[in-house]
Number of protein chains: 2
Amino acid sequence: MKSEIEVFREFIRNKGLRKTPEREQVVRAVFAIHDHFDVDELYVLLRGQNERISKATIYRTIPLLLESGLIQEAYFEDGHLHYEHIYGHEHNCHLRCLDCGKVVEFTEEIVKDVEEKVGEIYDFLVTGHKLEVYGHCGKCKVHK
Amino acid sequence: MKSEIEVFREFIRNKGLRKTPEREQVVRAVFAIHDHFDVDELYVLLRGQNERISKATIYRTIPLLLESGLIQEAYFEDGHLHYEHIYGHEHNCHLRCLDCGKVVEFTEEIVKDVEEKVGEIYDFLVTGHKLEVYGHCGKCKVHK
DNA sequence: GCTATTATCGCAATTCGTTCGCAATAAGGA
DNA sequence: TCCTTATTGCGAACGAATTGCGATAATAGC
Ligand SMILES: [Mn+2]
Ligand SMILES: [Mn+2]
Ligand SMILES: [Zn+2]
Ligand SMILES: [Zn+2]
């Protein structure tokens with residue numbers, strides 16, 4: 001299996017874009033965080049490593065990471081988008097507590113079947129899904 | 001089955017809030033739009049009806065509609081959230097074309113089973129879900 | 001390797017969705 | 001009807017995201 005950097009370089013080359021240290025710093029930061037992240041977290045992480053990078057560059061790199069399939073949007077919360085790296089992972093379903101915000105990851109094979117079925121019915125070439133189940137977690141539901 | 005206005009009034013009363021014409025105008029607008037909507041669309045619709053309402057009031061009413069279960073967030077797009085009324089409806093799954101943005105609604109019973117199963121495993125009191133399947137629609141996939 | 005071209009960068013200004021402060025208003029209980 | 005105070009409209013403020021621009025540096029061609 002190719003590394004995320006290899007995947008990214010291939011994507012960049014195929015698009016006729018330039019390989020730059022800034023873009024690759026973002027890729028490394030994204031795969032150094034094993035959790036959901038937002039632009040500011042990437043920025044703080046990179047700046048803490050004495051990397052000289054601007055937020056504008058991070059914002060401009062995000063669409064490339066999305067298009068190359070390395071990351072996906074996880075959810076919109078607190079006024080901004082949160083992402084997660086998905087290359088090499090399979091947990092793209094989330095269970096969220098509406099009270100405390102806790103998020104549990106899970107994978108459910110049946111959703112793949114739904115993808116296939118729906119794609120056939122509506123004539124779509126399906127490439128992925130995003131499922132969020134929400135409710136009240138064990139700790140929070142007792143107060144209801 | 002109660003009307004949406006009745007449900008809303010009950011919710012408002014139970015929360016000890018005040019019944020205002022502005023809030024009910026928003027409820028009516030929300031159920032007059034049989035599609036996904038955003039705050040600005042509500043604003044334009046209400047203003048076009050010579051209703052004197054401010055955007056701030058619409059923004060302040062949205063959380064009430066969410067909490068009362070009359071609407072839900074549909075998706076985040078073009079820099080802002082989009083909603084849909086769900087009271088009296090059951091289509092809360094979306095199939096989206098990544099190229100042209102087309103959205104098809106569908107309902108899938110199996111997702112209810114996933115809800116139940118996941119809720120049990122992780123000890124959550126599940127109240128709902130949001131499933132978005134994405135890919136390329138019939139028209140767009142031929143250009144790939 | 002050197003040079004020319006131009007994509008990309010950092011920075012600051014801008015845009016735009018959303019929230020907030022506040023004075024005026026009006027809902028609802030006494 | 002009066003009083004309390006939640007709610008409103010307005011405009012300012014806030015914050016995420018985008019953009020314009022001059023400087024920089026990646027890459028292709030020589
Ligand atoms: Mn996740
Ligand atoms: Mn819908
Ligand atoms: Zn919780
Ligand atoms: Zn399409």
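In what follows, every chain begins at residue 1, and chains take the letters A, B, ... in the order their sequences are listed. Any value given below was found using the heavy atoms of this structure, including those in side chains, with hydrogens, waters and symmetry copies removed.
Checking the phosphate oxygens (OP1, OP2) of C/dG10, no side-chain nitrogen or oxygen of A/R52 falls inside 4.0 Å. Contact between the side-chain N/O atoms of A/R23 and the OP1/OP2 oxygens of C/dT8 is found at a separation under 4.0 Å. Between B/Y59 and C/dT19, a side-chain N or O to OP1/OP2 separation shorter than 4.0 Å is absent. Contact between the side-chain N/O atoms of A/T20 and the OP1/OP2 oxygens of C/dC9 is found at a separation under 4.0 Å.
A cation-pi arrangement is absent between B/R23 and B/F8 under the rule of less than 6.0 angstrom and at most 45 degrees off the ring axis.
Distance NE2 (A/H82) to P (D/dA16): 10 Å, rounded to an integer number of Å. In this structure, B/E77 atom CD and D/dA16 atom P are separated by 21 Å, rounded to whole Å. Between the P atom of D/dG11 and the NZ atom of B/K55 lies a distance of 14 Å, rounded to the nearest Å. Taking atom CD1 on B/I62 and atom C1' on C/dG17, their separation rounds to 13 Å, with Å as the unit. Taking atom CG of A/L64 as the reference point, atom P of D/dT18 lies 12 Å away to the nearest angstrom. For A/E24 and D/dA26, the CD to C1' distance is 12 Å, given to the nearest whole Å. Between the C1' atom of D/dC14 and the CG atom of A/D40 lies a distance of 15 Å, rounded to the nearest Å. Counting to the nearest Å, the P atom of C/dT18 and the CD atom of B/E73 are 10 Å from each other.
Looking at heavy-atom distances under 4.0 Å, B/R47 makes contact with sugar-phosphate atoms alone, never a base. Counting non-hydrogen atoms under 4.0 angstrom, A/P21 reaches the backbone sugars and phosphates but no base.
Looking at the side chain of A/V39, the nearest of the listed nucleotides D/dG9, C/dG10, D/dA17 is D/dA17. Ranking D/dT8, D/dA16, C/dA26 by closeness to the B/R18 side chain, first place goes to C/dA26.
Results of the side-chain hydrogen bond (donor to acceptor under 3.5 Å, both in side chains) test with A/H36 over A/E41, A/E77, A/E105 single out A/E105 as the only residue that passes.
Between A/K19 and B/L17, the residue anchored closer to the 5' end of DNA chain D is B/L17, taking for each the nucleotide with the nearest heavy atom. Nearest-nucleotide mapping onto DNA chain C: of B/A56 and B/G79, the residue sitting toward the 5' end is B/G79.
A single hydrophobic cluster is not seen to contain both B/L98 and A/V118; linkage of ILVMFWY side chains at heavy-atom distances under 4.5 Å, directly or through other members, places them apart.
The aromatic rings of B/F106 and A/Y122 lie tilted to each other, with the angle between the two planes from 30° to 60°. Relative ring orientation between A/H34 and A/H89 is described as tilted, the plane-to-plane angle lying within the 30° to 60° band.
You won't find any donor-acceptor pair under 3.5 Å spanning the side chain of B/R13 and the base of C/dG28, going by distance alone. For C/dG10, the base has a donor-acceptor partner in the side chain of A/R60 [N/O atoms by modelled type, under 3.5 angstrom].
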